Colleague: 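Below are the structure tokens for one structure; questions will follow.
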Amino acid sequence: MSTTARRSPAEHGWFTSSRSNNGNQCVEVRFDGDAVQIRDSKFRRNPMNVGLDEPIITVDTALWTAFLHSLLTTTRHPALVAHVSPDGSATLRHEDILLRFTAPEWTAFVAGVRDNEFARA
């Protein structure tokens, strides 16, 4: 995988793990005040999604921090639920919003979590 780090948020504020594949397919995160937003970069490139509202998970900083800790300790977070399939693909659910990630996307995200790239400063 490429190491085109996006930890310093672009002008739009969204960033990806330094382990993401040039930002083409990845878990994207944005810090907005006391909120953390998560989205799937594939959504906007899919022509089938034109005109649809983009699914974005929004959580507060405390929940986000607890979720990152749960990933590092391989425990399940009760509110922001990550389910990893045997093939390595993953879903991330919060309330009624579900995001789907490929195995390489999820692997890059978790590697970024381990490298402390997604900690709220």
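As a basis for the values below, the full set of heavy atoms in this structure was taken, side chains included, without hydrogen atoms, waters or symmetry mates. Being a predicted model, the structure only gives us computed values, none of them experimental.
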Colleague: Starting at OG1 of T102, measure out to CG of D40 and round the result to the nearest 0.5 Å.
Modeller: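 T102 atom OG1 to D40 atom CG measures 8.0 Å (nearest 0.5 Å).
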
Colleague: Charged N to carboxylate O under 4.0 angstrom, R19 versus E117?
Modeller: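 No salt bridge links R19 with E117.
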
Colleague: Does CG belonging to D60 count more than 12 external heavy atoms closer than 6.0 Å?
Modeller: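 Yes, because the 6.0 Å sphere around CG of D60 holds more than 12 heavy atoms from other groups.
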
Colleague: With rounding to the nearest 0.5 Å, note down the distance linking OG in S17 to CD in E28.
Modeller: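 Output value for this atom pair is 12.0 Å.
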
Colleague: Ignoring hydrogens, what is the shortest heavy-atom contact between K42 and R100? Give both atom names and the distance.
Modeller: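 Where K42 meets R100 most closely, the heavy atoms are NZ-O, 3.3 Å.
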
Colleague: Return yes if some donor-acceptor pair links the side-chain N/O of T107 with the main-chain N/O of A103 below 3.5 Å, else return no.
Modeller: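 Looks like yes, one N/O pair under 3.5 Å.
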
Colleague: Taking S20 for its side chain and A108 for its backbone only, find out whether a donor-acceptor pair lies under 3.5 Å.
Modeller: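 Side chain of S20 to backbone of A108, a donor-acceptor pair under 3.5 Å: no, none is there.
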
Colleague: Are L92 and V84 grouped together when hydrophobic residues (ILVMFWY) are joined by side-chain heavy atoms under 4.5 angstrom apart?
Modeller: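 Hydrophobic grouping puts L92 with V84.
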
Colleague: What are the two closest heavy atoms between I56 and I97, and how far apart are they?
Modeller: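 Answer, listing the atom of I56 first, then I97: O-CD1, 3.1 Å.
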
Colleague: Using every non-hydrogen atom in the two residues, find where A35 and T61 come nearest and quote the distance to one decimal.
Modeller: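 Answer, listing the atom of A35 first, then T61: N-OG1, 4.4 Å.
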
Colleague: Taking F118 as the fixed residue, which of L68, L71, I38 is the one that meets the side chain to side chain contact (heavy atoms under 4.5 Å, CB included) rule?
Modeller: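 Going through L68, L71, I38 one by one, the side chain to side chain contact (heavy atoms under 4.5 Å, CB included) with F118 is satisfied by L68 alone.
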
Colleague: Write down the atom of L99, the atom of P55, and the distance for their closest heavy-atom approach.
Modeller: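 Closest pair (atom of L99, atom of P55, distance): CD2-O, 3.5 Å.
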
Colleague: Can you tell me if D53 has over 12 outside heavy atoms packed within less than 6.0 Å of its CG?
Modeller: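 At most 12 heavy atoms, drawn from other residues, nucleotides or ligands, come within 6.0 Å of this atom.
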
Colleague: For G88 and W106, which heavy atoms make the closest approach, and how far apart are they?
Modeller: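 Nearest heavy atoms, G88 then W106: O-CB, 4.0 Å.
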
Colleague: Let me check something: do L72 and V59 share a hydrophobic cluster, defined by ILVMFWY side-chain heavy atoms less than 4.5 Å apart, either directly or through other members?
Modeller: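 Yes, one cluster joins them.
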
Colleague: Using the ring-ring contact (aromatic ring centres under 6.0 Å, His included) criterion, which residues pair with F67? Sequence neighbours excluded.
Modeller: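 With sequence neighbours excluded, F67 shows a ring-ring contact (aromatic ring centres under 6.0 Å, His included) to W64, given in chain and number order.
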
Colleague: Got a second to check how far I57's CD1 is from R39's CZ, nearest 0.5 Å?
Modeller: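 It comes to 13.0 Å.
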
Colleague: With a 4.5 Å cut-off on side-chain heavy atoms, are V110 and R114 touching?
Modeller: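 Yes; the side chains approach each other to less than 4.5 Å.
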
Colleague: Between atom OG of S41 and atom CZ of F101, what is the distance when rounded to the nearest 0.5 Å?
Modeller: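 It is 8.0 Å, given to the nearest 0.5 Å.
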
Colleague: Would F43 end up clustered with W14 when hydrophobic side chains under 4.5 Å apart are linked, directly or stepwise?
Modeller: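 Unlinked, F43 and W14 end up in two clusters.
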
Colleague: Please determine if R30 and D32 form a salt bridge, counting it only when a charged side-chain N lies under 4.0 Å from a carboxylate O.
Modeller: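 D32 and R30: not salt-bridged.
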
Colleague: Please step through side-chain contact (heavy atoms from CB on, under 4.5 Å) for the pair V81 and R76, ending with a clear verdict.
Modeller: CA-CA 7 Å; V81 179; R76 186 177 173 113; 3.0 Å; yes

